[in-house]
Amino acid sequence: MNPKPAAMTETELQSAFRSWKDEPLPSLPAVTPMREQPTNLGQAIALQIGRGAPPRRLRRVFAGGFGLLAAAAAVWVGFWFDARPVNRLRAQVGGYELWQDGVMLPVATGTRTTPLPHGVTLKALPGSTLSVEHESGAQLDLTPRSALRFDDEEAVSVLTGEVSFQVPKLGRRSFKVRTVAADVVVHGTQFVVKVDAKQGTQVSVFEGLVAVQPRHGGEPRMVYPGQLWRTDPVAAATAPSAPTAGSPPPGNPSPQQPPEKSGTTESATGQGSGEATPQPGAQDRDRAPATSSLGQQTQLFSRAMQAKEAGRLDESLRLLAELTRRFPDAPLATEARVESFRLRARLKASSGARQPTERDQSAP
Amino acid sequence: MRQLRIVRAGQSADALAATSGVSGPSAADAPQQESAELSDAELIAAVRRGDHRASSAIYERLNAPIERAILRVFRRREVDHDDLIQAAFEQVIKTLLRERFDGRCSLRAWAATLAANHALNALTARRAQRRLLSPEIPRETGSGDTEQRYAARDEIDRVRNHLADMERDKALTVFLYEVMGHDLSEIANLMGVTVAAAQSRLVRGRRELLQRLNDPAGQRS
C-alpha cells in the first residue's frame with residue numbers, strides 16, 4: 001500500500017526547493033524573429049498592441065465619486081464598446097498576409113478566428129480563399145491573390161483581385177466598397193467586385209441593387225441583378241472624367257443596343273475602350289429585357305452553384321457546360337471551367353466510372 | 001509613426017535574472033540578443049503608442065523568460081503550454097498598456113514574475129478541478145534508485161501544490177526567493193512593495209507552507 005507522505009522538516013523543505021531550482025527545464029525552442037516565422041502568439045501580441053490600452057475598471061475611473069447616473073451611463077457605454085462587433089477572419093483555405101502602413105504583420109495559419117482591425121490589409125496568398133465576417137454583418141469571400149483593406153465600420157477597399165460580398169439588410173446604414181476606379185454603395189445585396197490591372201474594375205450584382213460612383217467623375221450608376229458594371233483602369237487613370245451614358249465611347253456597345261449583343265461584345269472585347277461601361281444604365285433599365293446575356297450567365301452560374309451545394313453534381317456540371325458553350329468568352333466562363341474541373345475531380349473521387357461522360361458533357 | 005531607435009539596454013537586473021534562470025543565456029536567446037539592443041523604456045513606449053513594430057521586439061525579448069517561468073512552475077510542458085504563454089503575454093501587454101509597470105526592475109524579470117504568478121493561478125485552478133473530477137491516486141512505491149528519484153520528484157510536487165493553494169502574495173514571494181533565486185530587494189521591486197514587506201511575506205509564507213506540509217489534513221497531494 002502507499003504510505004502517506006511523511007512530515008517535512010525545514011531542512012527537507014530547503015532540500016526540495018534546491019532540487020526544484022536545479023531541476024533541468026525542458027529545452028526551449030529557438031526564438032525565431034516573427035518576420036521569419038509568424039506564429040499565433042506573435043499575431044495575438046501585435047493585435048493586442050494595436051488595440052491599445054483596455055478600458056480601466058469603473059472603480060478606478062470613478063474613484064473620485066461621480067453619481068449613480070454617471071456610473072450607469074458609463075456601464076452602458078462600456079457594454080456598448082465591449083459589444084462592438086469587429087471584423088473577423090472566419091475561415092481560410094491556405095495562407096494569408098496582414099499589412100498595415102506598409103509593414104507586414106505577423107500572421108499564422110490556423111482555424112481560430114482572427115480579428116482584423118481598421119487599417120489592416122488582408123491579402124490572400126496564391127491558391128488561398130478566405131472568408132471574412134465584416135462588423136456590419138456582411139460576409140466577404142476573397143479569391144486567391146485578392147487584397148482587401150478594412151477602412152472603417154462601413155467601408156472596405158478592394159485593392160486587387162476578386163471579392164464577393166453578401167450584405168444583409170442594413171436599414172438606414174450603408175456599406176461601401178472602394179476601388180481605385182469607383183465607390184460601390186449598397187444597403188443589402190449580393191455582388192462581386194473584381195479589380196484587375198488589365199481588366200479594370202468590375203461590379204457584378206446577383207441580388208438587390210448597388211450604386212456605383214466612378215471616382216474620376218461621371219454620374220452614379222445603379223446596377224441591377226444580372227448586370228455588370230466595368231471600367232478600365234488605364235482610362236480611369238488618364239481620363240479625368242468618364243463619359244455619360246448618353247455618349248458611349250467608340251468601340252463600346254451603346255446602352256441602346258440589344259443587351260444580348262452588348263453583353264457578349266463586352267465580354268468578348270474584355271476591356272472595351274477603357275471607359276466606364278454600365279450594362280445598361282439606370283435610365284435604360286426599363287428598356288432592357290428581363291434576362292440579358294449577363295443575366296443568363298449569372299443565372300446559369302448561380303443555378304449550377306446551387307445544384308453543387310445541394311449535392312447534384314451532374315446537374316451542376318451540365319449547367320456549367322451550358323454556360324461555357326453559350327458564352328465561351330464571358331468572364332464567368334472562366335469560373336465555370338474552374339468549377340467544372342473541381343466537380344469532375346470530386347466525381348472522379350467518388351465514382352471513377354462517371355467521369356468520361358461528365359468530361360464529354362462539360363468540355364467547352 | 002516614428003522609427004524605433006536602437007540603443008544598448010545594459011540593465012543590471014538582467015544579470016541577476018540570468019543567474020536565477022529567468023533569462024539565462026541559451027540557444028533560445030540567440031535572436032534575443034538582437035532585440036535586446038532596444039532599451040526597455042523605448043520598447044514600453046512603443047507598446048504604449050500602439051506601434052505594431054514593437055510586437056516583434058517584445059516577443060523576441062520576453063518569450064524565453066516567460067516560457068522558462070511557466071516551465072519552472074509546472075516542471076514540464078503541459079498540453080496547454082502555448083495557451084499559458086499567450087495568456088501570460090496578454091497579461092504583460094495589458095499591464096504595460098495600463099502603465100502599471102514602474103520600471104524599477106528589468107522588463108524580463110518582471111514579465112517572468114507575471115508569468116509565474118499566472119502559472120501558479122493556473123495550477124491552483126487545475127488542482128481544484130482535478131480534486132473535483134478525479135481525486136488523485138497516490139503512486140505505488142518502488143525500490144532502489146528509481147524509488148529515490150520518484151520520492152524526490154514527489155517532494156517537489158508536494159511543495160509546489162501546497163504553494164499553489166496558498167495566498168498568492170506569499171506563495172509568489174516564496175517561489176521567487178527559493179526557486180527563481182531572487183533576493184529580497186529584487187522581489188520588493190518586482191512586486192512593488194518594500195523590502196520589509198517582502199521579507200515578512202517570505203517568512204510567513206515559509207511558515208504556512210511547512211504547516212501545510214506537516215498538517216495531515218493538508219496532505220492532499
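First the proteins, then the strands, lettered A, B, ... as listed; each starts at 1.
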Exercise for the section: Give, as side chain, backbone, both or neither, the part of B/L163 having an atom under 4.5 angstrom from any heavy atom of chain A. Expected result: side chain
Exercise for the section: State, to 0.1 Å, how close A/W20 and B/V73 come at their nearest heavy-atom pair, and which atoms those are. Expected result: CZ2-O, 4.0 Å
Handout entry: Distance in Å, B/L210 CG paired with A/L13 CG, rounded so as to fall on 0.5 Å steps
Key = 5.0 Å
Exercise for the section: Give, for atom NE2 of B/H162 and atom CE of A/M8, the distance between the pair rounded to the nearest 0.5 Å. Expected result: 8.5 Å
Exercise for the section: Indicate the atoms forming the closest heavy-atom contact of A/A16 with B/I156, along with that distance. Expected result: O-CG1, 3.9 Å
Handout entry: chain B contact via A/S15 - which portion, at a heavy-atom distance below 4.5 Å
Key = neither
Give every donor-acceptor pair under 3.5 Å between a side-chain atom in residues 154-164 of chain A and any protein atom, sequence neighbours left out.
| unit_1 | atom_1 | unit_2 | atom_2 | d |
| --- | --- | --- | --- | --- |
| A/S157 | OG | A/R149 | NH2 | 3.3 |
| A/S157 | OG | A/D151 | OD2 | 2.6 |

Exercise for the section: Can you tell which part of B/L96 gets under 4.5 Å to a heavy atom of chain A, answering side chain, backbone, both or neither? Expected result: neither
Problem - Whether over 12 other heavy atoms sit under 6.0 Å from B/Y177 OH - result: no
Handout entry: Student check: side-chain heavy atoms of B/R72 and A/E23 closer than 4.5 Å
Key = yes
Exercise for the section: Over all heavy atoms of both residues, which pair between A/K21 and B/G181 is shortest? Give the atoms and the distance, please. Expected result: NZ-CA, 3.9 Å
Fill in the blank from the handout: Residues passing the side-chain contact (heavy atoms from CB on, under 4.5 Å) test with A/Q139, sequence neighbours excluded, are A/S131, A/D141, A/Q166
Handout entry: Residue among B/R77, B/R75, B/R68, B/E67 satisfying side chain to side chain contact (heavy atoms under 4.5 Å, CB included) with A/L25
Key = B/R68
Exercise for the section: Answer yes or no: are there more than 12 heavy-atom neighbours, outside A/K123 itself, under 6.0 Å from its atom NZ? Expected result: no
Handout entry: Toward chain B, the part of A/E12 with a non-hydrogen atom under 4.5 Å
Key = neither
Practice task
Report, as yes or no, whether the 6.0 Å neighbourhood of atom CZ on A/R145 holds more than 12 heavy atoms from other residues, nucleotides or ligands.
Solution key: no
